[in-house]
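Data block below; observations after.
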Amino acid sequence: MQKVKIVETELEKEQAFDIRRKVFVDEQGVALHVEMDEHDDSATHFIGYELEQPIAAARIREYEQGVGKVERVCVLAEYRGHHFGAELMEQLEEYARSIGYFRLQLNSQSHAISFYERLGYDVVSPEFMDAGIPHRQMEKTL
């Protein structure tokens, strides 16, 4: 990916939300009111670009003191398999360390567990359903 950055403008935020809508709502069938939630106003959003094209998004928010919750990690379908997701997570983790988080948590879709395991995350829960999709909670100490 050419650039991963923290969302700073309304345009960047709309681009990140558009990626999320394409991946989670259009592709995976998650209801829009579930995908776009109350945490969008307070979370720190990230967007990734390849050749100026927005292709990846994620957000992080404080879950509890010193613990960040990583959410809505997605890469447009045509860009998957090229390590863009790993690059996005690397930048997000660097940011998390810089603001004092010592641990990150996320709820991984079950099919993506091996992706997060390669990045050092461990499964810490049994499988559960979220938005009609099987998930497992994962954690990583920074």
Side-chain angles (χ1 to χ4, degrees), residues 1-125 127-128 130-142:
M1 204 160 2
Q2 283 189 331
K3 178 170 62 173
V4 175
K5 68 182 302 289
I6 293 173
V7 166
E8 297 173 302
T9 68
E10 278 305 310
L11 174 62
E12 291 169 346
K13 193 173 198 178
E14 231 0 90
Q15 290 172 333
F17 288 177
D18 187 52
I19 293 165
R20 287 172 43 190
R21 280 190 291 272
K22 286 176 182 172
V23 171
F24 296 119
V25 178
D26 299 345
E27 185 182 327
Q28 297 184 352
V30 175
L32 183 60
H33 75 276
V34 172
E35 170 52 30
M36 309 305 290
D37 66 15
E38 70 277 8
H39 301 297
D40 279 325
D41 290 334
S42 58
T44 299
H45 298 269
F46 285 75
I47 188 159
Y49 296 92
E50 178 68 9
L51 301 175
E52 305 303 316
Q53 178 74 24
I55 65 161
R59 75 179 188 194
I60 187 171
R61 63 186 173 91
E62 186 170 53
Y63 186 65
E64 56 188 49
Q65 184 69 37
V67 180
K69 183 87 179 262
V70 177
E71 299 171 313
R72 309 304 200 262
V73 177
C74 56
V75 176
L76 292 176
E78 58 269 31
Y79 293 94
R80 291 183 200 141
H82 300 283
H83 306 289
F84 296 135
E87 199 172 326
L88 179 65
M89 288 297 295
E90 184 180 308
Q91 294 296 314
L92 191 144
E93 289 175 7
E94 189 176 300
Y95 167 78
R97 280 186 204 91
S98 78
I99 62 168
Y101 290 159
F102 61 86
R103 189 170 72 242
L104 293 178
Q105 291 185 344
L106 57 84
N107 294 335
S108 171
Q109 292 183 4
S110 293
H111 72 84
I113 287 172
S114 63
F115 165 76
Y116 291 108
E117 286 177 331
R118 285 192 299 275
L119 300 176
Y121 288 80
D122 297 310
V123 172
V124 295
S125 80
E127 192 169 75
F128 61 93
D130 186 10
I133 300 168
H135 284 72
R136 308 260 316 256
Q137 187 178 20
M138 302 185 80
E139 287 186 353
K140 178 178 181 175
T141 300
L142 297 177

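All residue numbers in this chain count up from 1 along the given sequence. All values reported here derive from a predicted model rather than from experimental measurement.
Taking all atoms of both residues into account, the shortest heavy-atom contact from Lys5 to Tyr49 is CD-CE1, 4.1 Å. Of all heavy-atom pairs spanning Ala96 and Leu104, the tightest one is CB-CD2, 3.8 Å.
For His45 (side chain) and Asp40 (main-chain N/O), a donor-acceptor pair under 3.5 Å exists by modelled atom type. For Arg61 (side chain) and Ser42 (main-chain N/O), no donor-acceptor pair under 3.5 Å exists by modelled atom type. Side-chain N or O atoms of Gln2 include one that pairs as donor or acceptor with a backbone N or O of Leu51 at under 3.5 Å. Here the side chain of Arg136 pairs a donor or acceptor atom with the backbone of Ser125 at under 3.5 angstrom. With hydrogens and angles ignored, the 3.5 Å screen pairs no side-chain donor or acceptor of Tyr116 with any backbone N or O of Asn107. Judged purely by atom type and a 3.5 angstrom limit, Arg80 has no side-chain atom pairing as donor or acceptor with the backbone of Gly85.
Listed by chain and number, the residues in a ring-ring contact (aromatic ring centres under 6.0 Å, His included) with Tyr95 are Phe46 (sequence neighbours excluded). Shown here are the side chain to side chain contact (heavy atoms under 4.5 Å, CB included) partners of Glu10, two or more places apart in sequence or in another chain: Lys13. The ring-ring contact (aromatic ring centres under 6.0 Å, His included) check on Tyr79 picks up nothing, with sequence neighbours excluded. Qualifying side chain to side chain contact (heavy atoms under 4.5 Å, CB included) partners for Asp122, counting only residues two or more places apart in sequence or in other chains: none. Remark: Val34 pairs with Val30, Ala31, Ala131 by the side chain to side chain contact (heavy atoms under 4.5 Å, CB included) rule, at least two apart or across chains. For Asp130, the side chain to side chain contact (heavy atoms under 4.5 Å, CB included) partners at least two apart in sequence or on another chain are Phe128, His135.
Screening Val23, Leu88, Ile60 for a side-chain contact (heavy atoms from CB on, under 4.5 Å) with Val73, the sole residue that qualifies is Leu88.
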